[in-house]
2 protein chains.
Amino acid sequence: MGKAKRASERRDEGLSLERIVEVAIELLDAEGEDGLTFRALATRLATGSGAIYWHVANKSELLVAASNAIVAREMKALGTRAAPRKAIRNIAVSLYEGIDAHPWVGAQLFRAPSETAMLQIFERIGREIQAMGVSRRAQFTSVSALVSYIIGVSVQNAANGRQHDPRMSRAEFLKTIAARWEALDPDEYPFTRKVAAQMREHNDRAEFLAGVDLILNGIALGC
Amino acid sequence: MGKAKRASERRDEGLSLERIVEVAIELLDAEGEDGLTFRALATRLATGSGAIYWHVANKSELLVAASNAIVAREMKALGTRAAPRKAIRNIAVSLYEGIDAHPWVGAQLFRAPSETAMLQIFERIGREIQAMGVSRRAQFTSVSALVSYIIGVSVQNAANGRQHDPRMSRAEFLKTIAARWEALDPDEYPFTRKVAAQMREHNDRAEFLAGVDLILNGIALGC
DNA sequence: ACCTGAACACCGTTCAAGT
DNA sequence: ACCTGAACACCGTTCAAGT
């Protein structure tokens, strides 16, 4: 052993999959999904666009690798010691914030659900559900529901963030939506009109966690 | 009144937004998201690609219109009379199956969450939550969680369906995945290995509905 | 007012040619 | 084994010209 795997560390010369993925992530974060082109990538890597194809089969594979890298990073950063419910909330928040910071990960997770990424999340939540004492036969359903909810809301939140003009503040944005809700047809949208005020004041992250708790309560009922 | 709005009915001549959207949906259903190009659309409509731009601003707007049309159709087809919990399950199943039959709707709902589509779903579920007697202050959170879960899982399910080779049966597919789960590293994936058998036998639609019930149970606890 | 279709700018991907 | 970069096929979108 000893210096056996030095090669994987610093290599300023030549391309490598890691280097390509790293620069792809930079591009995606800086300019969004449309910013990632093989031409832009090649320029930043000071090479020809064809060279990238030596290390990666196509763009879709590159996106999978990039989003796997983010999910793995987020999961690794998690502390390991917390009570089960608290631990699940931590995992949920990490993913929510990770996807919020890298919205393209969300899109990717949905376009081509990556098994490796999903498995990591599934496993972490599964262990906590087990620790909560959920019955053997309810475990699969409980974990599936939680994972789906957490990923689903995180991705929707990230997609929503890209929707509105970034010069508008969050408060202004909510105000605009709430005003639109209040102006809806009273016969067609009675309920939505009634909760418009709550829409104006709600906090997305808090609602997300409230939803996680709702599911956890439902799960706890079963055991 | 009387024959005042006849013009909106049959017009075999000339283009119209409705006609364009209709053909776009046919194309999307038949050949998937990549099949929708302005050139293919123009050919099917027997016109030039530029003509379409007279009726629709760009491709993104066309996708929004097409997916709104599907959601509206699905919501309209719903019966109106059922007990609240049953009604919510009906809405959930309609969306799940609608998105399963038109996977591109799912992708679209996430790429650019359409306010009109979301509002329709939010309103329908909201009325039922109100009918369940959920307290005023818990209503917004309850409906948000349900809508997020229902849309999220439906979209993920549709995306998963496009993943694997269509020649493989569902049972074969699950068997393959379960085998892969069982072969995972015992130290890194103890939980996932343990539930691999349940993965092999689970039914996606049933798990989806079980998740809805979990949330409904959590909601009912609060009131 | 509405349609036509060539033209433009820009992609992902391939591949013969190089080192 | 790995890199280069021109070439190919294919997009969305625009726009001068038509009716």
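The basis for the numbers below is simple: all heavy atoms, side chains too, and nothing from hydrogens, waters or symmetry mates. None of the values given here were measured: they were computed from a predicted structure. A, B, ... follow the sequence lines: proteins, then strands. Residue 1 opens every chain.
Nearest-nucleotide positions on DNA chain D for A51(B) and F38(B) put F38(B) closer to the 5' end. Nearest-nucleotide mapping onto DNA chain C: of N58(A) and A46(B), the residue sitting toward the 5' end is A46(B).
For the OP1/OP2 pair of dC2(C) and a distance below 4.0 Å, the side-chain nitrogens and oxygens of W54(B) include at least one atom meeting the criterion.
Distance from the side chain of K59(B) is smallest for dT13(D) among the nucleotides dT13(D), dA7(D), dC3(C). Closest approach to the R39(A) side chain among dT14(D), dA7(D), dC3(D) is made by dA7(D) (side chain taken as heavy atoms from C-beta onward). When distances run from any side-chain atom of T37(A) to the nucleotides dC8(C), dC11(C), dA6(D), the shortest one goes to dC11(C).
When rounded to the nearest whole Å, the span between CG of L17(B) and C1' of dC2(C) equals 15 Å. Taking atom CG on L45(A) and atom P on dC2(D), their separation rounds to 16 Å, with Å as the unit. Look at CD1 on I20(B): it is 12 Å from P on dC2(C), rounded to the nearest Å. Rounded to whole angstrom, the span from the CG atom of L63(A) across to the P atom of dC11(C) amounts to 15 Å. Here dT13(D) presents its C1' atom at 11 Å from CD1 of I52(B), a figure rounded to the nearest Å. In this entry the distance linking NE2 of H55(B) with C1' of dA1(C) reads 10 Å, nearest Å. For Y53(B) and dG5(C), the OH to C1' distance is 14 Å, given to the nearest whole Å. Distance, D34(B) CG to dC11(C) P: 17 Å, rounded to whole Å.
Other residues, nucleotides and ligands place more than 12 heavy atoms under 6.0 Å from the NZ atom of K59(A).
Across all strands shown, the partner of dA7(D) is dT13(C), judged by Watson-Crick or G-U wobble contacts whose two distances both fall under 3.5 Å. When Watson-Crick and G-U wobble pairs are counted only if both distances are under 3.5 Å, dA1(C) pairs with dT19(D).
Taking the six-membered ring where tryptophan is involved, the planes of F191(B) and F122(A) are tilted, since the angle between them lies from 30° to 60°. F110(A) and F110(B) have parallel rings, their planes meeting at less than 30° on a 0 to 90° scale where 60° marks the start of perpendicular.
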Apply salt bridge (charged side-chain N to carboxylate O under 4.0 Å, His left out) to E128(A) and R124(A), showing your working. CA-CA 7 Å; E128(A) 306 302 336; R124(A) 307 267 324 204; over 6 Å; no

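The CG atom of L95(A) lies 4.0 Å from the CE atom of M75(A); values are rounded to the nearest 0.5 Å.
Within 4.0 Å (heavy atoms only), L36(B) reaches sugar-phosphate atoms of the nucleic acid but no base atom.
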